[in-house]
Amino acid sequence: YYVKANVLFDRVQIGAYPEDAIVNSDFEAVQNQILGGRNSAVQGPSVWNAMTTDSGGGWNSAGTNNYLNNYIVSTHTEPDGNQVMKLAPVTTTKGYIVAYSNYIPAEERTSYILSYQQKIDLGESALQGAKIKFYYFDENKTYIGEDWYRSSEQAHDWQQMENTFTTRAGTAYVIVGFFIGGKWGQNEGLAYYYDDVRVEKKAYVAQWNLSLGDSIGMNFYIDGGDQAAKTTVTVAVAGEETSYQLSDLIADADTGLYKVSTRVAAGQMTEAATVTVFVDGIEVSAKSYSVYTYGQYILSNSTDSTTKKLVLEMLSYGAAAQEYFGYEADTMDSSLLSGSGSANVEDVSVSPAIVTGASENVKFYGASLLFQSRTAIRFYFTQTGNISSCAFSANGTTYTPIQKDGLWYVESSGIYPQNLDQAVTLTVTGNGQTMSVSYSPMNYMVRMNGRESTSVELKALLKAMYNYHLAACEL
């Protein structure tokens with residue numbers, strides 16, 4: 001994922017200028033790798049260039065007028081010894097020029113912050129205009145558009161400046177430019193100075209992954225930067241939205257990232273989860289993710305056969321769940337699922353449910369397996385006495401029974417795919433009596449698979465679930 005790291009801009013290159021125009025500088029940017037600038041004779045992470053342009057600073061207008069000799073981009077030494085970039089016209093000349101950065105790798109439809117220190121001397125000049133330019137390029141470094149902000153045109157000492165820009169669709173690189181223009185014979189004393197030029201991504205999703213449990217967790221790790229206290233993140237999936245304030249969360253001690261999560265059922269693997277990041281209530285990024293696209297990426301890029309097998313069986317299970325529940329069926333690429341497991345549930349040998357002890361208040365009726373929203377065992381009971389005097393517990397969790405259709409049930413979730421063959425023991429206590437019921441998901445799977453009345457879709461789901469279980473056991 002995008003990692004911020006300081007990079008020193010230690011040289012400035014101006015195409016049409018003599019040797020003394022290549023000078024040392026300490027212009028800084030936040031970016032891992034910056035490639036050589038356009039038309040640059042000097043390549044590497046240290047190149048700034050100047051280009052002649054029109055009155056709007058348009059990228060495509062470069063070369064329409066030859067104003068390069070009318071301006072100079074160089075370093076200037078401040079009284080404290082700090083070297084900064086100076087952008088100024090040669091006395092009494094006119095025209096328009098842009099001092100621009102290298103290609104900076106960027107993501108499409110993502111908000112970034114350009115921050116910089118700026119000082120302006122106007123002297124006796126008649127300024128034609130000053131702008132901050134953002135030029136967008138695709139992965140082939142083909143120009144696709146630009147945005148701009150009007151820069152300050154009033155004289156001032158060093159000030160911290162900041163502009164936000166959002167890249168366009170298809171953006172793979174951005175170039176930052178500082179534009180000025182002057183009038184013939186009226187430019188004496190005009191100079192713009194820049195230092196500490198940084199490009200940082202606004203609060204954003206830095207990385208994401210999955211966690212496999214009784215449902216599928218989608219985990220998003222947010223880089224809040226210096227804006228964490230002002231950042232809100234919403235995660236919307238299947239018509240439900242959850243909101244998080246980063247200030248209420250604890251950042252990871254090692255990465256500094258904030259984790260937010262949502263969960264989807266097996267049949268929702270193609271459902272998009274939209275993660276929207278707001279800073280001060282203003283949307284700065286919105287992207288959609290799905291379990292299916294994550295799985296596609298792993299199958300295409302991972303070299304770990306065990307991981308790929310697990311992901312393949314997970315997706316196959318999701319496709320079978322979609323068919324069974326009639327939810328977005330046939331939205332997965334069937335060719336992607338070729339090679340999924342062939343193990344059959346009928347080959348599994350499993351003991352029936354085990355009931356020990358007794359209760360004068362309830363009698364075990366049966367159990368079922370739930371997998372529409374999450375994997376859970378539902379234990380059913382008939383009431384034979386005072387059920388309110390009974391306590392129901394399993395795996396350290398206490399349950400309150402729910403009445404439905406003349407029966408009572410409790411539901412135990414938290415069943416991971418690798419544990420489908422492990423029994424959950426529910427204990428019922430009351431009036432000095434204890435009854436325990438042990439039942440595993442595999443009990444249900446074998447029983448339902450053996451019934452002639454079970455639908456083809458459910459049998460396919462049980463088979464996919466079983467192969468998903470086998471793959472999870474290999475980890």
Is a donor on one side and an acceptor on the other found under 3.5 Å between the side chain of [X] and the backbone of [Y]?
{"X": "T375", "Y": "F371", "answer": "no"}
{"X": "H469", "Y": "P417", "answer": "yes"}
{"X": "D138", "Y": "N140", "answer": "yes"}
{"X": "S101", "Y": "V176", "answer": "yes"}
{"X": "D252", "Y": "T255", "answer": "yes"}
{"X": "N467", "Y": "A343", "answer": "yes"}
{"X": "E108", "Y": "A169", "answer": "no"}
{"X": "D280", "Y": "I282", "answer": "no"}
{"X": "N301", "Y": "Y297", "answer": "yes"}
{"X": "E411", "Y": "A376", "answer": "no"}

In sequence, state the C-alpha distance, the side-chain angles, and the governing distance for M314 and V291, and then conclude on side-chain contact (heavy atoms from CB on, under 4.5 Å). CA-CA 10 Å; M314 178 192 71; V291 174; 3.6 Å; yes

Just to verify, which of W148, Y193, Y116, Y149 counts as forming a ring pair (Phe, Tyr, Trp, His ring centres under 6.0 Å) with F178?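 Passing option: Y116.
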
[X] versus [Y]: any side-chain heavy-atom pair under 4.5 Å?
{"X": "V205", "Y": "K287", "result": "no"}
{"X": "M269", "Y": "S290", "result": "no"}
{"X": "T454", "Y": "N449", "result": "no"}
{"X": "Y112", "Y": "F134", "result": "no"}
{"X": "Q296", "Y": "L336", "result": "yes"}
{"X": "M442", "Y": "V348", "result": "yes"}
{"X": "M448", "Y": "L458", "result": "yes"}
{"X": "K308", "Y": "V311", "result": "no"}

Could you state the interatomic distance from [atom1] ([X]) to [atom2] ([Y]), rounded to the nearest 0.5 Å?
{"X": "C473", "Y": "Q418", "atom1": "SG", "atom2": "CD", "answer": "6.5 Å"}
{"X": "I298", "Y": "T303", "atom1": "CD1", "atom2": "OG1", "answer": "10.0 Å"}
{"X": "I180", "Y": "S151", "atom1": "CD1", "atom2": "OG", "answer": "10.0 Å"}
{"X": "N209", "Y": "N219", "atom1": "CG", "atom2": "CG", "answer": "5.0 Å"}
{"X": "D157", "Y": "I120", "atom1": "CG", "atom2": "CD1", "answer": "11.0 Å"}

Check [X] against [Y] and note the closest heavy-atom contact, atom names and distance.
{"X": "A251", "Y": "G256", "value": "CB-O, 3.7 Å"}
{"X": "G339", "Y": "K309", "value": "O-NZ, 3.9 Å"}
{"X": "P441", "Y": "L420", "value": "CD-O, 3.2 Å"}
{"X": "G341", "Y": "K463", "value": "O-CE, 4.0 Å"}
{"X": "A464", "Y": "S316", "value": "CB-O, 3.9 Å"}
{"X": "L369", "Y": "M465", "value": "CD2-CE, 4.0 Å"}

Residues which pass salt bridge (Lys or Arg N to Asp or Glu O under 4.0 Å) with R263, listed by chain and number, not counting sequence neighbours: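 R263 satisfies salt bridge (Lys or Arg N to Asp or Glu O under 4.0 Å) with no other residue.
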
Does D421 have any salt bridge (Lys or Arg N to Asp or Glu O under 4.0 Å) partners at least two apart in sequence or in another chain, and if so, which?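 By the salt bridge (Lys or Arg N to Asp or Glu O under 4.0 Å) rule, D421 matches no residue at all.
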
Please evaluate residues K131 and E146 with respect to the criterion salt bridge (Lys or Arg N to Asp or Glu O under 4.0 Å), reporting the C-alpha separation (whole Å), side-chain torsions for both, the decisive distance (0.1 Å), and the verdict. CA-CA 12 Å; K131 299 175 182 177; E146 62 190 65; over 6 Å; no

Looking at the rings of Y135 and Y100, which for Trp means the six-membered one, are their centres under 6.0 Å apart?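 No, ring centres 6.0 Å or more apart.
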
One pair to check against side chain to side chain donor-acceptor pair (under 3.5 Å): Q160 and Q117. What are the steps and the verdict? CA-CA 5 Å; Q160 178 67 40; Q117 296 280 339; 2.5 Å; yes

Go through the steps for Y468 and L212 under the test side-chain contact (heavy atoms from CB on, under 4.5 Å), then give the verdict. CA-CA 11 Å; Y468 177 35; L212 306 182; 3.6 Å; yes

Where do Q118 and H156 land on the side chain to side chain donor-acceptor pair (under 3.5 Å) test, with the steps shown first? CA-CA 8 Å; Q118 182 192 62; H156 60 74; 3.1 Å; yes

Just to verify, which of L87, I132, V98 counts as forming a side-chain contact (heavy atoms from CB on, under 4.5 Å) with F179?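 The side-chain contact (heavy atoms from CB on, under 4.5 Å) with F179 is passed solely by V98 among L87, I132, V98.
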
Start with the C-alpha gap between D195 and K119, add the side-chain angles, then the distance that decides, and say whether salt bridge (Lys or Arg N to Asp or Glu O under 4.0 Å) holds. CA-CA 9 Å; D195 193 23; K119 182 176 77 169; over 6 Å; no

Does any donor atom in the side chain of D147 or Y136 lie under 3.5 Å from an acceptor atom in the other side chain? yes

Going through the distances and angles, do M332 and Y292 end up as a side-chain contact (heavy atoms from CB on, under 4.5 Å)? CA-CA 8 Å; M332 291 192 193; Y292 180 51; 3.7 Å; yes

Passes ring pair (Phe, Tyr, Trp, His ring centres under 6.0 Å), Y289 versus F220? Steps please. CA-CA 10 Å; Y289 309 82; F220 306 97; 5.0 Å; yes

Test T171 against R168 for side-chain contact (heavy atoms from CB on, under 4.5 Å), laying out the working first. CA-CA 6 Å; T171 298; R168 300 188 182 184; 3.9 Å; yes

Residues, nucleotides or ligands: over 12 heavy atoms within 6.0 Å of E283 CD: yes

List the atom pairs, donor and acceptor, that lie under 3.5 Å between side-chain atoms in residues 238-250 and the rest of the protein, sequence neighbours left out.
residue	atom	partner	partner atom	Å
Y244	OH	S261	O	2.6
Q245	OE1	T232	OG1	3.0
Q245	NE2	T232	OG1	3.2

Please walk me through it: do S302 and D304 pass side chain to side chain donor-acceptor pair (under 3.5 Å)? CA-CA 6 Å; S302 177; D304 185 281; 5.5 Å; no

Tell me whether the rings of Y294 and W208 are parallel (<30°), tilted (30 to 60°) or perpendicular (>60°). perpendicular

